Amino acid sequence: MRILVVAERKETELRRVSLELAAIAKGLGESEIVEMAGERYSPLPFVAALAKKVEAEKPDLVLLGATLNGRDLGARLAARVGRAYAADVTELRADGSGLAVTKPMYAGKVRAKLRVPLPAVVSVRPGAIPLKEGAPAPQVAKLEADASAEELTFVKFAATASGGKRVSLAEARVIVSGGRGLKGPENWHLVEKLADALGAAVGASRAVTDAGWRPNEEQVGQTGKTVTPDLYIALGISGAIQHLAGMTSSKVIVAVNKDPDADIFKIADYGVVADVFEFVPAFTEAIKKARSS
Amino acid sequence: MKILIPLKQVPDSTVRVKVGADGKSIATEGITWSISPYDEYAIEMALERKDAEPSTVVAVVTVGPARSRDALRQALAMGCDEASLVTADETAPPLVVARALARIVSDAKPDLVLCGKQASDDDQGFVGPALADVLGWPHVSMLTKVVPTEGAVELWREVEGGHEVWKAPLPALGTVHKSEKEPRYPSLPGIMKAKKKEIPERDLAALGVDPSAPKLEVLSMEPPPSRGGGKIVKDGDAKQVAEQLALLLRDEAKVL
Ligand SMILES: Cc1cc2nc3c(=O)[nH]c(=O)nc-3n(C[C@H](O)[C@H](O)[C@H](O)COP(=O)(O)OP(=O)(O)OC[C@H]3O[C@@H](n4cnc5c(N)ncnc54)[C@H](O)[C@@H]3O)c2cc1C
Ligand SMILES: Nc1ncnc2c1ncn2[C@@H]1O[C@H](COP(=O)(O)O)[C@@H](O)[C@H]1O
């Protein structure tokens, strides 16, 4: 099988998912890895350049990361070249003349195994496969975006007040999320200090993002982000079905809630029935101690 | 300005989705169907434009089985002006859906098409960008805000750490991540008005849509791995419980 991998960079580093894609591609056949050169992601210039390459070289499979931009680019590229498209797959392997993939459906409430006919475009969820540490960096060629295809004008970037410096939710290995049980945005230092002690990203329930306590982009769940970290810590979150849809595939789930009957305990690996205001500071100290000894 | 929203009817977000007897589709018996959540946001976003500028016309369309008519009716009750149904099998491939929607767009001539970022059944996020491509229109994904300007729109796209703001010439397409307010509930007068509205219906053949397109085949479905049987850590005061939990995470779960 011939595979074209579209890699993505965050600032100066290749994204981890791009390394994962390179490893997956290597296991499937002969691969080429390209990175789009252009000032910033925009669908038309990126698709124009990629479609030209795909039509000329006819790789059996185009692989992208199921990131914000990767999913968007993959969808429009697949439409342009008339190929099958599977988004956000968590497993894939060759299956006769096609691919067998696993992907979430019904807002993550179902895992489906699908057969994808080749040629195809597939976006793969970050963290889908474990990476061997110290594997050599893949060879990445640059592909110039076709600026002549642009119809949009970039106006500006409006930064979220609290955004920027933290680990991104989608790729985080550890996430600490806060819910309405935190009572207000002024208490988020509790969530943040615990996250800092763990090197974690910060998430939230929709009750919290709707109330404007935290920015939208931190929302986890059916209408927020779907996350699959090694460790998910839910603080003062009740465990509504729409929240669970976004985090139930995490490896280990910890819940802290003062209500022993909260639904979140039904899916937690470790539960603590406690007041977050009392427990979280003690837990932050305990984490620091456990990590340093 | 005219805004068209292609919407999909999916199991309501409160439904505990179960795999059906065939092992490759969901059990639909007795479930509640609703407008897919991101499509509801798209409708709300359009209706907020209409609140600000009453001459705005908001239309909805869906490609799907007969039951989808209820979703259109609900959109009308929320305050949309027009609705139309394209009857098709649920399993129509996404590129066929996009082509059918493109036909509707050529008839309705909206300035702006707003799709959901992804439908809460296939979780794909394919049809929006695909429709833009069939139409040859520019698109911007992950919208949280639309601001009309002279002959164009400013589209706010949620990204890591903030928003990118793009200006698109009209006509253009966006996929919606969230509206500024929560989707509104249908009002009683809205429901009465919606009942009287006609919902024209056509099928794929009548639209002259080419039905051939690559298709994903479902081999099997399963619920996510079941969880439970977790431990409640409770011996001692907050400090002692915190220390036990930290050690369990480090030594038993090995996630620190
Ligand atoms: C279409 C749709 C889509 C949705 N999408 C999402 C989504 O993507 N993500 C999402 O999260 N929700 C989503 N929701 C909303 C969801 O149904 C819930 O309303 C929401 O998850 C509740 O958030 P919460 O758990 O923070 O708040 P609550 O349900 O109010 O729970 C607060 C919890 O905190 C506990 N608590 C209170 N005080 C303390 C304390 N001092 N110490 C410890 N515990 C305390 C309480 O016991 C309670 O369990 C969606 C809903 C709909 C209809
Ligand atoms: N059958 C359909 N009829 C109308 N609109 C659709 C249909 N399928 C998808 N869409 C639109 O495309 C978006 C993305 O859907 P999907 O590609 O299925 O995730 C949805 O949120 C809708 O706005």
Side-chain angles (χ1 to χ4, degrees), chain A residues 43-44 68 71-72 75-76 79-80 83-88 104-107 109-117 151-160 163-164 168 210 216-217 222-223 230-231 241-242 248-249 252 266-274 278-279 282-283 286-287 290-291, chain B residues 11 13-14 16-17 19 26 37 95 98 120-126 129-130 133 138-139 141-142 144 154 158-169 178 182 214 216-224 227-228 230-234 238-239 241-243 245-248 250 253 255-256:
Chain A
L44 290 172
L68 184 69
R71 288 190 66 163
D72 190 48
R76 190 146 188 174
R80 180 75 54 92
R83 289 183 169 211
Y85 177 58
D88 204 23
M105 285 183 73
Y106 296 93
K109 292 172 190 168
V110 168
R111 280 192 192 186
K113 283 208 167 53
L114 304 173
R115 187 167 189 287
V116 182
E151 291 182 35
L152 302 170
T153 316
F154 181 75
V155 180
K156 64 178 178 191
F157 180 77
T160 308
S168 90
D210 278 357
N216 257 344
E217 62 184 273
Q222 170 148 10
T223 45
D230 294 333
L231 175 60
I241 185 168
Q242 298 96 344
T248 188
S249 295
V252 174
K266 296 196 186 128
I267 58 128
D269 300 286
Y270 300 98
V272 178
V273 180
E278 199 182 326
F279 181 75
F283 187 44
I287 289 286
R291 292 191 81 186
Chain B
S13 77
T14 56
R16 285 182 198 280
V17 175
V19 179
I26 62 158
L95 287 176
S120 292
D121 54 1
D122 58 18
D123 293 0
Q124 280 270 70
F126 189 14
D133 212 70
H139 88 270
S141 62
M142 290 291 287
T144 60
E154 231 179 57
E158 186 175 304
V159 296
E160 269 172 47
H163 282 85
E164 290 173 355
V165 184
W166 293 88
K167 191 168 171 180
K178 205 155 197 176
E182 281 300 286
L216 307 187
E217 181 197 347
V218 180
L219 301 172
S220 64
M221 282 188 183
E222 52 183 62
R227 310 194 68 109
K231 272 185 201 167
I232 296 288
V233 190
K234 59 173 184 236
K239 181 158 180 264
V241 171
E243 283 175 356
L245 179 58
L247 294 181
L248 284 168
R250 189 186 69 183
V255 286
L256 289 196

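Here the structure is a predicted model, which means the values were calculated and not measured.
The side-chain heavy atoms of A:S249 and A:R111, taken from C-beta on, include a pair separated by under 4.5 Å. In this structure the side chain of A:Q242 never reaches within 4.5 angstrom of the side chain of A:T223, judged on heavy atoms. With a 4.5 Å cut-off on side-chain heavy atoms, A:L44 and A:R80 count as touching. Between B:K167 and A:F154 the shortest side-chain heavy-atom distance does not fall below 4.5 Å. Two residues are said to be in side-chain contact when any heavy atoms from C-beta on lie closer than 4.5 Å; A:D230 and A:V252 fail this criterion. Side-chain atoms of A:Y106 and B:S120, non-hydrogen and from C-beta on, never get closer than 4.5 Å to each other. Taking 4.5 Å as the limit, every side-chain heavy atom of B:W166 sits out of range of all side-chain heavy atoms of A:V155. Side chains of A:R115 and B:L216 form no contact here, defined as non-hydrogen atoms less than 4.5 Å apart.
Between chain A and the options B:P169, B:S13, B:A253, B:G125, the largest number of non-hydrogen pairs under 4.5 Å is found for B:S13. Contact count versus chain B (heavy atoms, under 4.5 Å) is highest, among A:R83, A:E278, A:R71, for A:R71. For the set B:A168, B:S141, B:A130, B:P138, the count of heavy-atom pairs under 4.5 angstrom toward chain A peaks at B:P138. Interface summary for chain B: among A:L231, A:V273, A:L68, the most heavy-atom pairs under 4.5 angstrom belong to A:L68. Interface summary for chain A: among B:I26, B:T14, B:L247, B:V241, the most heavy-atom pairs under 4.5 angstrom belong to B:I26. By number of non-hydrogen pairs under 4.5 angstrom with chain A, the leading residue of B:T144, B:V218, B:V19 is B:V218. Between chain B and the options A:A274, A:G271, A:A87, heavy-atom pairs under 4.5 Å are most frequent for A:G271. Put simply, of A:D88, A:V116, A:N216, the one with the most heavy-atom pairs under 4.5 Å next to chain B is A:N216. Contact tally against chain A (heavy-atom pairs below 4.5 Å) for B:I232, B:D121, B:V255: the top residue is B:D121. Comparing B:E222, B:E243, B:M142 by how many heavy-atom pairs each has under 4.5 Å with chain A, the most go to B:E222.
In terms of the ring-ring contact (aromatic ring centres under 6.0 Å, His included) criterion, A:F157 has no residue partners (sequence neighbours excluded).
Interface remark: B:P224 contributes backbone and side-chain atoms alike to the contact with chain A (heavy atom separation under 4.5 Å). In this structure, no portion of B:K234 lies under 4.5 Å from any heavy atom of chain A. Residue A:A86 touches chain B through both its backbone and its side chain, counting heavy-atom pairs closer than 4.5 Å. The contact between A:I267 and chain B is made by backbone and side chain atoms together, counting heavy-atom distances below 4.5 Å. Residue B:L95 touches chain A through its side chain alone, counting heavy-atom pairs closer than 4.5 Å. A:I241 touches chain B through its side chain: at least one heavy atom from C-beta onward sits under 4.5 Å away, while N, CA, C and O do not. The contact between A:K156 and chain B is made by backbone and side chain atoms together, counting heavy-atom distances below 4.5 Å.
Taking each heavy atom of B:A246 and A:A286 in turn, the nearest pair found is CB-O, 3.7 Å.
Contact check on B:D123 versus A:K109 returns no salt bridge, with no Lys/Arg side-chain nitrogen under 4.0 Å from an Asp/Glu carboxylate oxygen.
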